[in-house]
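Here is the structure we will look at, set down as structure tokens.
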Amino acid sequence: MKLRRSFFARSVHDVAPELVGATLLVDGVGGRIVEVEAYHHEDPAAHSFGGRRTVRNASMFGPPGHAYVYRSYGIHWCLNFVCEEGSAVLIRALEPSHGLDTMAARRGTDEPRLLAAGPGRLTQALGIAGEHDGLPLDHPPFALYAAGDAEVEVGPRIGITKAAELPWRYAEAGSRFVSRPLGSRRSS
DNA sequence: CCTGTGATCGTCT
DNA sequence: GACGATCACAGGT
């Protein structure tokens, strides 16, 4: 079942766990989302913190159901799904199932676990870059299908220094394709 | 298993 | 001028 834009017009804390197990394809390449994180405007770790709009975070304040793509550490791209105003879900990892050869070529590895385990790896495998910022998620090149049954685990987010203790990371229990097991200490 | 470090640059102060 | 919602690799335990 395809996800409609209205799916995203809710609290990011409701949407994020429901995205675990959903299928994300970009031009037919992708797989099952197994790890996400929630960010919103009252969250010190979020780009939208305090409701401050900038050129970079404009998409976060745009309509729900669109992509927010930004550059991380000057090197990588990160993909988010915009929810209610000023909130978004960071897509951190997926289990590759469609277009494995394309992902392997883009990533420079055949190791399935390394194709899309981490937000930077995922965007590289799916061919996501700055031109995808602001695009609607219910139109090509995106295709999103609702999750079936998925057991979701919760834990602290990764790689942040502010509000690092908040348990707003959601992952599929037992998945080998997450960027890092829940409950482990290291941030990469 | 773990920790440390360099790469690299746009964004915000 | 400082700092990342990261990754790959090196080296020690």
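Bear in mind that the values here come from a model prediction, so they are computed numbers and not experimental data. Chain naming here is simple, since letters A, B, ... match the order of the sequence lines and numbering starts at 1 in each.
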Partner nucleotide of C:dA10 by Watson-Crick or wobble geometry (both distances under 3.5 Å): B:dT3
Nucleotide B:dC12, atom P - distance to CE of A:Met60 in whole Å: 13 Å
Distance-only side-chain donor-acceptor flag, A:Arg107 / A:Gln124, under 3.5 Å: yes
Pairing partner (Watson-Crick or G-U wobble, both distances under 3.5 angstrom) of B:dT8: none
Distance in angstrom units between A:Glu111 CD and C:dC7 P, rounded: 16 Å
A:Ile128 and A:Phe142: CA distance, side-chain angles, deciding distance, side chain to side chain contact (heavy atoms under 4.5 Å, CB included) verdict: CA-CA 10 Å; A:Ile128 297 282; A:Phe142 292 102; 3.8 Å; yes
side-chain N/O A:Arg92 vs C:dT6 OP1/OP2, d < 4.0 Å: yes
Residue pair A:Glu18, A:Arg10: steps toward the salt bridge (Lys or Arg N to Asp or Glu O under 4.0 Å) verdict: CA-CA 11 Å; A:Glu18 293 182 29; A:Arg10 296 181 290 143; 3.1 Å; yes
Remaining members of hydrophobic cluster (4.5 Å side-chain criterion), A:Val178: A:Val34, A:Phe177
From B:dG10, C:dT6, C:dA8, nucleotide with atom closest to A:Arg71 side chain: B:dG10
Sugar-phosphate, base or nothing in reach of A:Gly74, heavy atoms under 4.0 Å: base
Per A:Pro119 side chain, nearest of listed nucleotides C:dC7, C:dG4, B:dT11: C:dC7
Nucleotide of B:dA7, C:dC7, C:dG4 approaching A:Ile75 most closely (side-chain heavy atoms): B:dA7
Nearest-Å distance for atom pair OH/P, residues A:Tyr68 and B:dG10: 15 Å
Base of C:dA5 paired with side chain of A:Tyr70 (donor-acceptor, under 3.5 Å): yes
d(CH2, A:Trp77; C1', C:dC7) in whole Å: 16 Å
Proximal nucleotide (of C:dC7, C:dA5, C:dG4) relative to the A:Tyr73 side chain: C:dG4
Minimum-distance nucleotide (side-chain atoms of A:Arg121 versus B:dT13, C:dA8, C:dT6): C:dA8
Results of salt bridge (charged side-chain N to carboxylate O under 4.0 Å, His left out) for A:Arg32 - residues two or more places apart only: A:Glu172
